[in-house]
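One structure below.
The structure displayed is predicted, hence computed values, not measured ones. Read the numbers this way: they start at 1 and go in the same order the structure lists the ligands and their atoms.
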Amino acid sequence: MNTVVQKYGGTSVKTIERMEHIADKVIHKINKGYNVVLVVSAMGKTTNRLIEMAKSISTNPSKRELDMLMSTGEQVSISLLSMILKERGYDSIALTGFQAGIMTEGIHTKNKITQVKIDNIKKHIKQGKVVVVAGFQGINETGDITTLGRGGSDTTAVALAAKLKCTCEIYTDVEGIYSIDPRVYPKARKLKYISYEEMMEMSSLGAKVMEPRSVELGNKYNVPIYVASSHKATKGTYIKEFDKFMEQKSITGLSLSENVLMITINNVPYSPKSISDVFGKLASEEVNIDMISQTSPREGYVNISFTTSKEDEEIIDRVINGLKKEINNIKIQKDTNITKISVIGMGMRHESGVASKVFKLFADHSIEFKQVTTSEISISYTIKSKDKERAISVLTKEFNL
Ligand code: ADP
Ligand code: ASP
Ligand code: MG
């Protein structure tokens with residue numbers, strides 16, 4: 001018998017009624033001859049609410065305890081869904097990350113899966129049960145509960161599918177992968193297929209429909225991933241290896257990230273030591289720096305700008321206060337009204353000139369950009385958030401997205 005992993009996200013398990021609907025879909029799949037392994041997220045916005053509770057106690061709650069707290073969200077969903085299936089006459093078992101064999105390492109709240117001990121799941125599949133696994137969580141070497149970073153249930157699902165050598169179906173609140181977030185741009189086109197590489201790039205540049213590491217795992221273990229709506233029966237999108245039958249366009253998609261904090265440090269002495277001091281301090285606090293730009297030196301001083309994610313704002317404040325004491329006369333500006341907009345496409349590998357097209361478009365429409373970074377298949381620009389709508393409008397028109 002074939003096995004399939006199906007993952008349902010927060011909105012898809014928001015209420016008992018929605019879980020009943022998932023049970024219908026699972027039973028339909030069983031009747032088609034499949035063993036079903038389910039991975040579910042916490043109900044609705046539960047994880048956000050749990051984090052808010054922790055933050056009402058402390059601005060910097062213990063990360064170990066935060067993992068303990070956040071992991072409870074998924075445990076509510078798996079228990080309820082498993083009860084519903086049993087009530088319908090289908091044997092089922094709810095498993096925590098630990099019981100499902102998800103081993104992790106790293107720092108609390110940002111753990112990575114190191115290994116999946118799949119035997120327990122296999123045993124229950126053999127016994128004809130629907131296995132319902134808590135997404136987003138695992139256990140580390142010291143036996144502590146860990147979580148995999150926001151959106152991590154996708155990663156749990158793909159990791160299990162890799163181990164079970166089967167397809168992973170991701171059911172969510174949109175009908176598939178679109179050229180651009182359909183909530184931001186309702187005229188976006190739904191894609192039939194997208195390559196792992198393009199999806200990885202789109203996700204890591206802001207498209208939260210798939211957690212980036214889940215796509216990375218899919219690529220590594222060649223897991224076929226299908227993304228579709230949890231409540232509509234419309235066709236979704238396949239994420240798979242790039243092949244020549246995929247649409248040949250220079251740009252496949254556009255991603256946006258509002259989670260951008262831009263810091264500008266003015267009057268930094270132009271010496272490798274002071275510049276490396278700035279970034280060294282940030283690195284020692286595990287702050288991830290994204291884009292960096294530096295002005296040319298003037299009278300021995302430069303201005304440095306960099307972007308990072310808004311979640312790191314408190315750490316950044318601490319580092320900045322330290323730097324102010326160490327480097328005389330520096331002036332620091334923080335800007336949160338910044339959007340990162342990126343165009344992504346395998347076509348860029350062979351086609352040059354995409355960047356210059358965008359530069360011209362931005363110039364023609366007076367859209368000022370602060371920084372630019374490129375990879376082999378993407379180009380990203382930071383712009384003022386107030387220019388976002390205009391940038392989306394000109395880019396979607398130019399690249400037919
Ligand atoms: P789930 O709770 O099911 O994991 P998420 O909220 O994490 O769902 O991801 C689904 C959301 O991703 C959609 O509601 C949509 O707004 C957003 N999204 C961003 N970029 C895209 C894209 N290119 N295609 C489809 N959805 C996208
Ligand atoms: N519940 C977790 C979150 O909100 C994991 C997930 O939804 O994938 O981030
Ligand atoms: Mg998600």
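- Atoms of ligand 2 lying under 4.0 Å from at least one heavy atom of Gly151, given by number and element, are 3 (C), 5 (C), 6 (C), 8 (O), 9 (O).
- Nearest protein neighbour of atom 11 (C) of ligand 1, counting heavy atoms only, is Asp173 OD1, 3.9 Å.
- Nearest protein heavy-atom neighbour of atom 2 (O) of ligand 1: Gly10 N, 3.2 Å.
- Here Pro182 has side-chain heavy atoms under 4.0 Å from ligand 1, and that is the only part of it that gets that close.
- At a 4.0 Å cut-off, not a single heavy atom of Met210 sits close enough to ligand 1 to count as contact.
- For the residue pair Asn259 / Glu311, a side-chain donor-acceptor distance below 3.5 Å is found, with atom types taken as modelled.
- Side-chain atoms of Glu198 come within 3.5 Å of backbone atoms of Met346 as a donor-acceptor pair (strictly under, hydrogens ignored).
- Summarising the geometry, atom CD belonging to Glu74 is positioned 6.0 Å from atom OG belonging to Ser77; distances are rounded to the nearest 0.5 Å.
- If you check which protein heavy atom lies closest to atom 7 (O) of ligand 2, you get Ser41 OG, 3.2 Å.
- Two residues are said to be in side-chain contact when any heavy atoms from C-beta on lie closer than 4.5 Å; Phe359 and Val372 meet this criterion.
- Looking from atom 6 (C) of ligand 2 to the surrounding protein, the closest heavy atom is Ser153 OG, 3.4 Å.
- Contact annotation for Glu211 and ligand 2: no heavy atom of the residue comes within less than 4.0 Å of the ligand.
- Ion pairing between a basic and an acidic side chain is recognised when a charged N comes within 4.0 Å of a carboxylate O; Lys360 and Asp364 show such pairing.
- In this structure a side-chain-to-backbone donor-acceptor pair under 3.5 Å is present from Tyr226 to Gly236.
- Contacts between Lys208 and ligand 1 below 4.0 angstrom, taking non-hydrogen atoms only, involve backbone and side chain alike.
- Sorted by first and then second residue, the ring pair (Phe, Tyr, Trp, His ring centres under 6.0 Å) pairs involving residues 302-355 (not counting sequence neighbours) are Phe279-Phe306.
- Protein heavy atom closest to atom 23 (N) of ligand 1, with residue, atom name and distance, is Tyr178 O, 2.9 Å.
- Heavy-atom distances between Gly10 and ligand 2 stay at or above 4.0 Å for every pair.
- Ranking the protein heavy atoms by distance from atom 9 (O) of ligand 2 puts Arg150 NE, 2.7 Å first.
- Side-chain atoms of Thr46 and Met43, non-hydrogen and from C-beta on, do get closer than 4.5 Å to each other.
- By the 6.0 Å contact criterion, NZ on Lys29 is enclosed, its count of non-hydrogen atoms from other residues, nucleotides or ligands being greater than 12.
- Interatomic distance, CD of Gln294 versus OH of Tyr270, reported as 6.0 Å (0.5 Å rounding).
- Closest to atom 27 (C) of ligand 1, if we only count protein heavy atoms, is Val209 CB, 3.6 Å.
- Using a 4.0 Å cutoff on heavy atoms, Gly176 counts as a contact of ligand 1.
- Looking at atom 3 (O) of ligand 1, its nearest protein heavy atom turns out to be Thr172 OG1, 2.7 Å.
- Both the sub-6.0 Å distance and the 45° axial angle are not jointly satisfied by Lys7 relative to the ring of Tyr171.
- By the criterion of a heavy-atom distance under 4.0 Å, the side chain of Lys7, and not its backbone, is placed next to ligand 1.
- A donor-acceptor distance shorter than 3.5 angstrom exists from the side chain of Ser284 to the backbone of Lys281, with no hydrogens or angles considered.
- Under a 4.0 Å heavy-atom criterion, Lys45 is not in contact with ligand 2.
- Less than 4.0 angstrom separates some heavy atom of Ala207 from each of these atoms of ligand 1: 19 (C), 20 (N).
- Considering backbone and side-chain N/O of Asp154, none are found under 3.5 Å from N/O of ligand 1.
- Summarising the contacts of atom 2 (C) of ligand 2 with Glu74, Gln137, Lys208, the nearest heavy atom is found in Glu74.
- Across Asp181, Val13, Ile177, heavy-atom proximity to atom 21 (C) of ligand 1 is greatest for Asp181.
- Near Met202, with a cut-off below 4.0 Å to any heavy atom, the atoms of ligand 1 are 23 (N).
- Here the straight-line distance linking atom CE of Met199 with atom CD of Glu201 works out to 11.0 Å at 0.5 Å rounding.
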